[in-house]
Every structure is written in structure tokens, then in C-alpha cells.
Amino acid sequence: LFVLLIVLMSLSLIGLIFVQSFWIKKSIDSSEEQFSSSVSEALNSVTNKISERETKNYFDRYLYAKDSIGELKGSQLTNFFFIDRDANSNEIMLYEHGILEEDYGISSTFFDNGDGVDSTIIKNLTSRRKTTIWKEDFDLEGNRFRLNPIQRIEKIGGLNKMEKAAMEEMFMVHAKRVPIHKRVSKQEIELLLQRELENRGIDIAFEYGVYSNGLPTKVKSTKFKYAETNVYKAPMFVDFEGISNFDLLLSFPKKKRFLVQSILGLALLSLLFTIIIVVAYAGAIYQLIRQKQISEIKTDFINNMTHEFKTPIATINLAVEAIRNPKIIIDQEKVLRYLQMIRDENKRMHAQVENVLRISKLEKNQLDISKDRVDAHEIIEDAITHVELIVADRGGYVHTHLDAERSEVLANEMHFTNVIVNILDNAIKYSENAPKIDVYTERAKNYIIIKVQDQGAGMSKAVVKKVFEKFYREHTGDIHNVKGHGLGLAYVKRIVEDHQGEVYAESEKGKGSTFYIKLPLI
């Protein structure tokens, strides 16, 4: 179930990251489509405005030439009439349309044709449209006696749409013979492009070029380079048949950066939330694994505690049964021996319980540790006396090499003695043969280094990392050849840290272990 939970959480996280990545990619694609659409609109607008400007220039030149230097060669007036009578309303509508046709001789320099002809005949058509509505008045006998005008509309204008289109086509035919750099300037293209792009929210550097049938012209920016994939194109100077010999090309060297920046805020926000979720997920997984390990360690601790309590309980039970025996109870020497056994086993269990309670108080900062000036060498010697009988009984030794010139520290004598005893006890427990222990001291600046070295079973690197954790013991299955609850070194670490010191270990499997304690000198 635990593994399944981890797998489901991992799949959920991977799915979430995938969705976020997909959303960011879709946002970039959507932004690129919108960018392309806006650029195409801007290009078409620019080319249309350039074409309209060119046509307007021709019309202005034409009107100026006609009004200033044109010579009237001839004129003709044509009038059209249309009369309609409404019998129901007694109204008569008269529509009159007159067209004045004038021929002007325009200098040949207007078209810059240079063909030797002195002038060109241009027709000017003026339209006069007049609409009048008359009301018929009748006398009592029903005879019409008067027409009263009730509405009159008169319009005088120039060319109509068809005539204007004809003029534009004529101008286009002539304009095709003019070089492109004379039809449009770089400054005009740059100004129009910049204005149209900014109006559409595109404010980045661009390069442009005008191409004629796929070949570059003089009209282009300095750094423009043609590339099929990253160039936007729009036709210029399209004639009435939809044919164009020129294309305006536009490229953006920093397009990718612009597109990314356009969604950067949302992308960063999405990334931030994703990171928070990943961190929260990693923390949850870590806590789950940690809780599982603690559960296993506590189970192992309870098993070890139960195993360790079995022996003293069984010993006490046997001693009580023996004392109850009528033959034994009258033997005072045996009774006292059994009572001593009960007292010793009771003290042993009490010490184990006190060890657990002491660690608990340390973690809650409820253990009051008063510190005095003490000699570290004396504490080491005192601690060795607690274990030297056990070491001697197993045929081992504890040698001291107390070489530190200064050894006075601020410490709690009882607790610090327990620290050294616990480390020595560990060295004895994990020595399969006769314990061989060496204790060294040396001075390092304002610190004293206490080194306890044994030649026992040693530990792997993985065990060294966890050896100071509460309840941790190297896993040995159900074999209890080494007594303990995994609390001794945890207690050592908490006491040393409370003394503003450091404790760490070095070890190699099969070659023994070395524990270091570093305390500030006074």
C-alpha cells in the first residue's frame, strides 16, 4: 500500500508537470499565431498606405498641372433629362444630369516619358446633377393652374468611381516604369512599419527589404537577411488584375525572446507554483519514508526492550520463587544473595528506563544541565574505571594517550562522564574478540579533541551517517547478540551539543571505529 501510494503521488506530479509544460507550449504557439496575424495586418496596412499615397501624389500632380499650366483645347456639354409624374400625390420629379467634357494639353514632363511629345491630352469630366420635385395645384373645377417647386437638390462633382478607377489604372501603368527606389523611400517604410507595429502592441526591432520577383532591391534595411522560415511577406503596388512585381519582406531577429517575454509572467508564476508543489511533494514523500523508518525503528526498539527486560524479569521471578522455598528461606545467606540479585536486576531495569526518559527530556529541553569547570582528563580516567573490569574480564585493554596541554572545560561532570562511558561501552559491545581501545586527547587552538579508537567490527558508511539518530541500531534481523536500544549515541550527541561541542565518527567495516568529541576549552 505504501509503494502504491508513492507511485500514485508520483504519477499525479508527473501529470501536473506535463500539463503545465503543455499549457506553456500552447501559450507560446498561441502567442506566435497572434504575433503572425498582427504582423500580416501591419504589412498589408503599410503596403496599402504606400499605394494610396502614390496614387494621391499622381492625382495631386494631375490637378496641379491641369489648373496651372494646362491649356484648354476644347469642351463639350452633354445633358440628360428624366421626368416622372406620380398620379397619387400629384408630384412631378425632374432629374437633370449634365456632363462637361474638357480637353487639356498637359506637358509631357508630367509623366517623365521623354518620348519627344510636347504635350499630352487629358480629359477633365465635371458632373452636374440636379433633382427638382414639383407639386401640381388644381382649382375648384379640377383644372391644373400652377406648379410649385417643393424640393430641389443640386450636386456638382468631378470623376465618378468608374472614371476614377480608369485614371488610377492609367497611373499604375505608368508607375510600373519607375524604379522602385523612386516610388517609395526607406524612411517611409520604416516610419509606417514602426507605427503600424506599435499600434498592434509589437515593439521590437525589425529588418525589412523590398524584393522584385524574388530578387533584392536597393530598398532594404542594413541588416536584412532573407530566410524563408522567419520572414513575413506582403505584395506591394498590386494592379487591377491582382498582379504585383514587388514584395515587402519583414523579419524580427529577436522574435523568440519577444514571444517568451509576452507570456513570461504567467509562465514564471506557473513554474513557481509547480516548484512549490514539487517541494511539497518531496517533503511529503520524505516524511512518509521517514515515518515508515521511525515506525520500523520503534518496532525494533520495542522488540529489543522486551528482549532486554525478559532476562531481569525472569531472574527476579526465579529469585522470588527460590526465597519462597521453605528450605531456602531459613538460609539467611542465600536469602540475602537472592535479594541482592533482585536489587541488581531492578537497578538494571531502572537504568534502562531512566536512559529512555533522559533522551525524551533532552529533546524537550526539560533536562536541567548545570555546568562547572572540570578537567576532561579526570573525567576520562573516571569513565574508564566504570568499564575496566568488563574489559579485563574479556582479556582486552583501554590505553590512554592524554597529550592535550590544556584540558579544562565547562561541563556537567555526571553527564559528560556518561558520554565517555557510552562511547567506551559501544566499543566493548561491538568488539567480537578482546576489546582493544585507545583514548587520545589533543589540543586544537581553543578546543580539546577527545578520540576513542577501537578495533572492533566497524561500520559501513551508511551506518556512520545514522549512528547518532535516536533508536537507530545496525539491522541484524532478530539476533540480539549486542544489547541496547539505540539510545546511547543519541544521548551522547545531545549532551555534547548542549556543551557547544561536536561529535562525529569515522569507521570502516571490519577495521574498527573512531569517535571524536570536540569541546571548547576555558
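Small disclaimer: the values here were computed from a predicted structure and weren't measured.
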Practice prompt. Determine the minimum heavy-atom distance between F206 and E190, stating which atoms define it.
Written response: CZ-O, 4.0 Å

Fill in: Residues in ring-ring contact (aromatic ring centres under 6.0 Å, His included) contact with Y516, at least two apart in sequence or another chain
Y504

Discussion item. Checking D382 now: which residues fulfil side chain to side chain contact (heavy atoms under 4.5 Å, CB included) with it, not counting sequence neighbours?
Written reply: T385, H386, T417

Worksheet item: Got a sec, which pairs hit ring pair (Phe, Tyr, Trp, His ring centres under 6.0 Å) with one end in residues 18-40, sequence neighbours left out?
Response: F35-F252, F35-F258

Worksheet item: With a 3.5 Å cut-off and no angle check, do the side chains of S407 and D375 form a donor-acceptor pair?
Response: yes

Worksheet item: How about I517 and I449: do any of their side-chain heavy atoms sit closer than 4.5 Å?
Response: no

Discussion item. Show the nearest heavy-atom pair for residues E207 and S221, with the distance to one decimal.
Written reply: OE1-OG, 2.6 Å

Response to the item:
Nearest heavy-atom contact between S513 and G458 is OG-CA, 3.6 Å

Discussion item. Check the orientation of F515 and F468. Use parallel for under 30°, tilted for 30 to 60°, and perpendicular for over 60°.
Written reply: perpendicular

Worksheet item: Got a second to check how far K461's NZ is from E506's CD, nearest 0.5 Å?
Response: 11.0 Å

Worksheet entry | Salt bridge flag under 4.0 Å for residues D498 and K371 | yes

Discussion item. Evaluate S10 against Y281 for side chain to side chain donor-acceptor pair (under 3.5 Å), listing each step before the verdict.
Written reply: CA-CA 8 Å; S10 301; Y281 166 80; 2.3 Å; yes

Practice prompt. Please report the shortest heavy-atom distance between A427 and I437, naming the atom on each side.
Written response: CB-CD1, 3.7 Å

Worksheet entry | Heavy-atom pair of closest approach, residues P520 and H499 | CD-O, 3.8 Å

Discussion item. Ignoring hydrogens, what is the shortest heavy-atom contact between L5 and L288? Give both atom names and the distance.
Written reply: CD2-CD1, 4.1 Å

